[in-house]
Protein chains: 2
Amino acid sequence: MKNVTIKTIAELTNLSLTTVSRVLNGTAEKYRISKSTQEMVLKAAGNLDYTPNQAAVNLRLKRSFSIGLVIPSLANPFFANVASIVSKSLREKGFSVILVECDEKVEVEVEAIGLLRSHNIEGVILIPSTKESNHLKILLNQNIPVVCIDRYYEDIAVSYVATDHYIGAFNITELLIKAGHKEIACLQGCENVISNNLRVKGYKDAMHKYNLKNTQVWGNSFTTENGYIETKLLLQRSQKVSAIFALSDTILLGALKAIEEEALRIPEDLSVVTSDNSPYLDFLSTPITSVSQPVNDISNIAIKLLMDKIDAKQKGEQVELEKVLLKPSLINRNSVITLH
Amino acid sequence: MKNVTIKTIAELTNLSLTTVSRVLNGTAEKYRISKSTQEMVLKAAGNLDYTPNQAAVNLRLKRSFSIGLVIPSLANPFFANVASIVSKSLREKGFSVILVECDEKVEVEVEAIGLLRSHNIEGVILIPSTKESNHLKILLNQNIPVVCIDRYYEDIAVSYVATDHYIGAFNITELLIKAGHKEIACLQGCENVISNNLRVKGYKDAMHKYNLKNTQVWGNSFTTENGYIETKLLLQRSQKVSAIFALSDTILLGALKAIEEEALRIPEDLSVVTSDNSPYLDFLSTPITSVSQPVNDISNIAIKLLMDKIDAKQKGEQVELEKVLLKPSLINRNSVITLH
DNA sequence: CTGAAAGCGCTAACAA
DNA sequence: TTGTTAGCGCTTTCAG
């Protein structure tokens with residue numbers, strides 16, 4: 001079965017390529033092509049299951065109607081959620097989505113940007129896997145719109161939409177302190193990542209504000225293993241903590257396992273708070289108090305910014321750099337005990 | 001800043017398009033192009049941040065090195081997991097991934113297939129959103145490889161890799177029955193979906209095997225709301241059940257909420273089992289016994305089948321229809337009480 | 001209202 | 001060892 005192109009249809013209908021093309025891409029009215037001709041073409045196209053060859057269109061028009069979606073990993077429910085909202089929205093707007101998962105690896109992200117440039121993508125939605133920003137400069141030079149989500153750069157002119165990680169961490173730490181906690185451990189994820197570092201800073205600043213010198217930050221990865229190991233070690237040290245702040249829900253699950261193994265009760269023996277507000281937090285043996293990010297807003301604003309940039313580029317206009325920080329909220333679930 | 005093409009580089013280096021092209025796509029050795037020439041080209045390409053235009057390559061070679069990934073929704077952790085494994089593996093094999101989320105809607109899936117054909121994709125990994133299979137026939141006619149995951153068709157020659165949903169449901173229901181349960185409710189998801197229907201059948205067949213006439217299947221969607229509402233209603237009926245089988249973890253979370261609101265204890269007042277074995281099941285107030293699907297195996301086998309098909313197509317060979325069913329396992333977590 | 005022809009960027013015969 | 005040229009499928013002047 002041969003490939004069906006406008007040529008096939010032109011031959012079949014005894015029309016020129018031009019006319020067929022015009023009917024098939026909706027400019028028939030503009031060129032005042034007769035109804036009968038239009039019907040002929042449309043019928044033939046329908047019978048033959050014709051689809052325009054995007055490669056050819058892309059080459060000719062220098063538009064791909066494709067957007068690159070670059071994320072660390074879909075295994076992380078927060079990112080998967082963002083990806084879900086973003087990809088649906090882009091589809092509705094007529095864009096295809098080319099997905100690349102970087103697995104938190106710089107090299108892969110660099111490669112991904114190259115791949116996407118090869119595909120002539122018209123824009124990129126990026127959740128960075130790295131602090132490194134050099135590979136993005138090429139996109140900026142080529143004037144390809146980029147919007148970062150959740151994680152971002154301060155050293156380079158890339159727009160972003162993110163939660164104010166700092167204030168979320170600050171607030172939840174303050175909540176612990178106000179409940180009387182003084183020995184609070186922070187279980188962090190990957191240190192190369194701005195969202196992590198801002199949260200750590202929020203934690204530390206809150207501690208300092210109340211003159212609590214004993215800040216302790218443990219761990220190095222957004223994984224359940226990391227949460228488990230660090231908590232295990234933490235609970236076996238002579239110096240005890242009264243509260244734990246997990247910087248992600250994956251870390252939290254590991255921590256919970258260790259806490260259970262040590263037969264400690266939450267919150268009676270240990271208070272615990274976390275960061276991603278996954279839906280299941282409500283149903284844990286003790287529901288866990290959490291920072292909550294406005295995923296929907298973040299995703300939708302990012303899409304809007306990207307679309308604006310693409311439109312502006314079409315019109316030859318210039319767009320400003322946009323930096324959007326959204327306030328997280330605190331979901332209180334009583335995994336924190338008041339000491340006094 | 002103008003577009004960099006092989007022409008730019010040819011002019012800059014005073015070489016022909018052909019030579020530049022050969023160096024840049026790795027056939028330099030084959031044509032015995034001198035080292036010095038190669039270096040010149042590579043250097044120029046590097047300086048100019050050259051990337052090959054995939055649209056042109058695609059058009060010329062009639063190969064896109066792109067695979068369509070069509071799934072109901074990334075918001076479902078099971079699908080997100082599959083998508084994650086699949087997309088990483090495809091990237092490593094040199095394929096780009098075009099992602100379409102169908103939101104369990106037939107129309108979107110039909111559109112998606114058209115879109116992917118437009119992009120000249122070389123294969124499709126599909127988790128169907130519908131029983132309808134007509135739109136896939138076009139792909140089959142065009143000899144485009146398709147592999148279904150998790151859900152599949154019996155009425156059409158499309159290869160698939162899935163868990164044996166029937167046996168998983170049968171076994172976990174039998175486990176309940178052997179523990180003495182006679183009134184077991186099944187909370188189902190979307191009725192258009194084979195995985196759901198096979199699970200329901202597994203449940204019913206197990207009930208019948210033990211002469212339990214009172215099969216009851218409630219609900220109609222893989223959502224937490226559905227789980228909540230149906231459980232709420234279930235618990236308020238005069239006729240009591242002693243066990244609930246949730247056909248997904250989203251449904252489970254809703255059920256747990258309702259159960260908690262009614263102040264029932266698991267498993268003392270009510271036994272509960274579920275289907276997706278999400279990582280957090282271990283940490284719920286009562287850890288919940290679950291069927292577990294071999295996500296990694298499913299995804300990797302599907303990729304292997306797809307790659308085989310693509311290779312075979314390149315070589316002009318024919319490939320057989322493959323139907324792979326993997327056995328699920330049972331993860332026992334003591335959310336089931338033994339009645340006697 | 002319809003058509004002819006050029007060209008987007010790349011590769012592969014065919015030549016040299 | 002390198003170059004010339006045709007053509008992939010489509011859109012868009014320009015020309016009727």
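Numbered from 1 within each chain, the chains take letters A, B, ... in sequence-line order.
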Just wondering, more than 12 heavy atoms not from A:K313 lying within 6.0 Å of its NZ?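 Result for NZ/A:K313: enclosed.
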Does a sphere of radius 6.0 Å around CD in A:Q38 hold more than 12 heavy atoms from other residues, nucleotides or ligands, not counting ones at 6.0 Å or beyond?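 Yes, the 6.0 Å shell around CD holds more than 12 heavy atoms from other groups.
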With heavy atoms under 4.0 Å as the rule, sort B:N25 into base, sugar-phosphate or nothing.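 The answer is sugar-phosphate, as B:N25 gets under 4.0 Å only of primed atoms, P, OP1 or OP2.
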Set out, in order, the CA-CA distance, both residues' side-chain angles and the distance that settles salt bridge (charged side-chain N to carboxylate O under 4.0 Å, His left out) for A:E107 and B:R91, then state yes or no. CA-CA 13 Å; A:E107 329 86 71; B:R91 175 174 52 66; over 6 Å; no
I need the A:R117 CZ to B:Y50 OH distance, nearest 0.5 Å.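 These two atoms lie 10.5 Å from each other.
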With side chains defined as the heavy atoms from C-beta onward, is the minimum distance between [X] and [Y] less than 4.5 Å?
| X | Y | result |
| --- | --- | --- |
| A:V41 | A:L24 | yes |
| B:L99 | B:L74 | yes |
| A:S129 | A:D103 | no |

Taking DNA chain D as the partner, which of residues 35-46 of chain A come within under 4.0 angstrom of it by heavy atom?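 Of all residues in residues 35-46 of chain A, none places a heavy atom under 4.0 Å from DNA chain D.
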For nucleotides 3-9 of chain D, read 5' to 3', which letter fits each nucleotide if B means a protein heavy atom sits under 4.0 Å from the base, S means only the sugar-phosphate is that close, and - means neither? BBBBBBB
How long is the line joining [atom1] of [X] and [atom2] of [N], in whole Å?
| X | N | atom1 | atom2 | value |
| --- | --- | --- | --- | --- |
| A:I33 | D:dG16 | CD1 | P | 19 Å |
| A:F65 | D:dC10 | CZ | P | 15 Å |
| A:L24 | D:dT12 | CG | P | 14 Å |
| A:N120 | C:dG9 | CG | P | 9 Å |

Evaluate the criterion side-chain contact (heavy atoms from CB on, under 4.5 Å) for residue pair A:I71 and A:V82; output intermediate values, then yes/no. CA-CA 9 Å; A:I71 60 177; A:V82 170; 5.9 Å; no
Global bending angle along the helix from C:dC1-D:dG16 to C:dA16-D:dT1, which compares the axes of five pairs at either end, to 10 degrees: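 That helix has its two terminal axes inclined by roughly 40°.
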Using a distance-only test with no angle check, is there a side-chain donor-acceptor pair under 3.5 angstrom linking B:E101 and A:S87?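 Yes.
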At under 4.0 Å, does any side-chain N or O of B:S21 touch on OP1 or OP2 of C:dG9?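 B:S21 to C:dG9 OP1/OP2: no side-chain N or O under 4.0 Å.
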side-chain hydrogen bond (donor to acceptor under 3.5 Å, both in side chains) partner of B:S159, chosen from B:K323, B:K309, B:E320: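 Output: one option passes, namely B:K309.
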In terms of the angle between their ring planes, are A:Y160 and A:Y152 parallel, tilted or perpendicular, with boundaries placed at 30° and 60°?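 Ring orientation of A:Y160 relative to A:Y152: parallel.
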